[in-house]
Amino acid sequence: MRIRPANPEDADWLDDCFAVGMGWPKPAGHFQRVLEQQAAGRLLLLLALDGDAYLGHCKLVWSPGYPGFHERGIPEIQDLNVIRSRRRQGVASRLLDAAEARIVKQSRLAGIGFGLYADYGAAQRLYILRGYVPDGHGLHYANEPLPPGAKCTVDDNLALYLVKQLR
Ligand SMILES: CC(C)(COP(=O)(O)OP(=O)(O)OC[C@H]1O[C@@H](n2cnc3c(N)ncnc32)[C@H](O)[C@@H]1OP(=O)(O)O)[C@@H](O)C(=O)NCCC(=O)NCCS
């Protein structure tokens, strides 16, 4: 297994690999837009490969939208995904190793977030076992803090954010 940054010419190939490997497609042109953001210096898209076969990816976003990271200058690891057939083989751990190795050159903290429902159960366990701890700002919905008594829909906008001390 190897990890490398994505290239502009990977975009269409990634759209196809993701749809096949995960069993659902990202919106058309998703990776093209991600790679345009990479070209603008806003993020780094890391790929996990077995030979030339796609295993998964994550994004490393230098100035994320979540205010708790943005205001503290904490880069965020986003969109970590591993194809279904290669889970529990250490692929996500290798992607996180590579992302953290890049982040530590610029920041003593790495940020990450997860959703609160069971589909995120694997990520919740993985991040906490790797040393990510809640950032202390509670639950957020679409990047807005939820005060006590707030009612919300449990969907992908409901998230808890965590940080890891890298040095
Ligand atoms: C979360 C995800 C990226 C993990 O990828 P992975 O390559 O299977 O993870 P790893 O093999 O590196 O797992 C490392 C450790 O995390 C924990 N873990 C990972 N998946 C787990 C699961 N399904 N149940 C319980 N623990 C799990 C285990 O401790 C595991 O170590 P072990 O296998 O030695 O017990 C993958 O399940 C996935 O793509 N899920 C769907 C997308 C998603 O939820 N992304 C996260 C968005 S926040």
Side-chain angles (χ1 to χ4, degrees), residues 1-6 10 13-27 30-31 33-34 37-38 43-70 74-104 109-146 152-166:
M1 187 198 315
R2 64 194 170 103
I3 309 291
R4 70 158 170 85
D10 291 327
W13 171 73
L14 283 171
D15 281 336
D16 293 343
C17 291
F18 185 93
V20 172
M22 306 295 171
W24 59 276
K26 296 263 193 192
H30 170 82
F31 283 101
R33 289 187 289 280
V34 171
Q37 290 180 291
Q38 177 170 275
L43 60 81
L44 181 68
L45 178 62
L46 292 176
L47 307 180
L49 304 170
D50 181 357
D52 290 331
Y54 166 86
L55 300 180
H57 73 271
C58 69
K59 287 190 305 194
L60 210 167
V61 179
W62 299 114
S63 188
Y66 169 57
F69 292 163
H70 182 83
I74 301 173
E76 181 181 351
I77 300 167
Q78 295 181 359
D79 200 33
L80 176 66
N81 276 283
V82 172
I83 61 171
R84 290 177 184 277
S85 61
R86 296 295 295 266
R87 290 182 187 169
R88 297 305 285 268
Q89 297 175 30
V91 177
S93 300
R94 286 284 303 275
L95 281 164
L96 291 170
D97 288 344
E100 291 168 5
R102 283 170 167 79
I103 290 172
V104 74
L109 292 172
I112 207 160
F114 54 58
L116 274 295
Y117 59 101
D119 288 7
Y120 289 97
Q124 292 164 5
R125 287 185 52 80
L126 168 61
Y127 301 165
I128 287 169
L129 287 167
R130 277 187 77 88
Y132 286 85
V133 297
D135 72 347
H137 298 296
L139 284 179
H140 283 68
Y141 190 87
N143 288 337
E144 294 293 328
L146 287 176
C152 71
T153 303
V154 179
D155 61 17
D156 290 348
N157 288 311
L158 182 66
L160 185 68
Y161 291 92
L162 306 98
V163 289
K164 179 177 177 179
Q165 187 106 24
L166 300 177

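Both ligands and their constituent atoms are indexed starting at 1 by order of listing.
- Closest to atom 42 (C) of ligand 1, if we only count protein heavy atoms, is N81 OD1, 3.2 Å.
- Residues F114 and Y120 place their aromatic rings such that the two centres sit no closer than 6.0 Å.
- Only one option out of N81, L44, L45, I77 pairs with K59 in a side chain to side chain contact (heavy atoms under 4.5 Å, CB included); it is L45.
- Those atoms of ligand 1 with a heavy atom of Y127 less than 4.0 angstrom away are 46 (C), 47 (C), 48 (S).
- If you check which protein heavy atom lies closest to atom 2 (C) of ligand 1, you get A92 CB, 4.4 Å.
- Atom 1 (C) of ligand 1 has as its closest protein heavy atom A123 N, 3.8 Å.
- In terms of protein heavy-atom proximity, atom 12 (O) of ligand 1 is nearest to S93 OG, 2.6 Å.
- Counting the atoms of ligand 1 from 1 in the order shown, those under 4.0 Å from a heavy atom of L129 are 29 (O).
- Using cut-offs of 30° and 60° for the angle between ring planes, the Y66 and Y161 rings count as parallel.
- Protein heavy atom at the shortest distance from atom 23 (N) of ligand 1 is A122 CB, 3.5 Å.
- Contact annotation: for R87 versus ligand 1, heavy atoms closer than 4.0 Å belong to both the backbone and the side chain.
- Among all protein heavy atoms, the one lying closest to atom 43 (C) of ligand 1 is L80 O, 3.8 Å.
- Here is the list of ligand 1 atoms found below 4.0 Å of a heavy atom in Q89: 11 (O).
- Closest to atom 11 (O) of ligand 1 among all protein heavy atoms lies G90 N, 2.8 Å.
- In terms of protein heavy-atom proximity, atom 35 (O) of ligand 1 is nearest to R88 NH2, 2.9 Å.
- Residue D79 does not touch ligand 1, judged by heavy-atom distances below 4.0 Å.
- At least one heavy atom of G113 sits under 4.0 Å from some atom of ligand 1.
- At least one N/O-N/O distance between V82 and ligand 1 falls below 3.5 Å.
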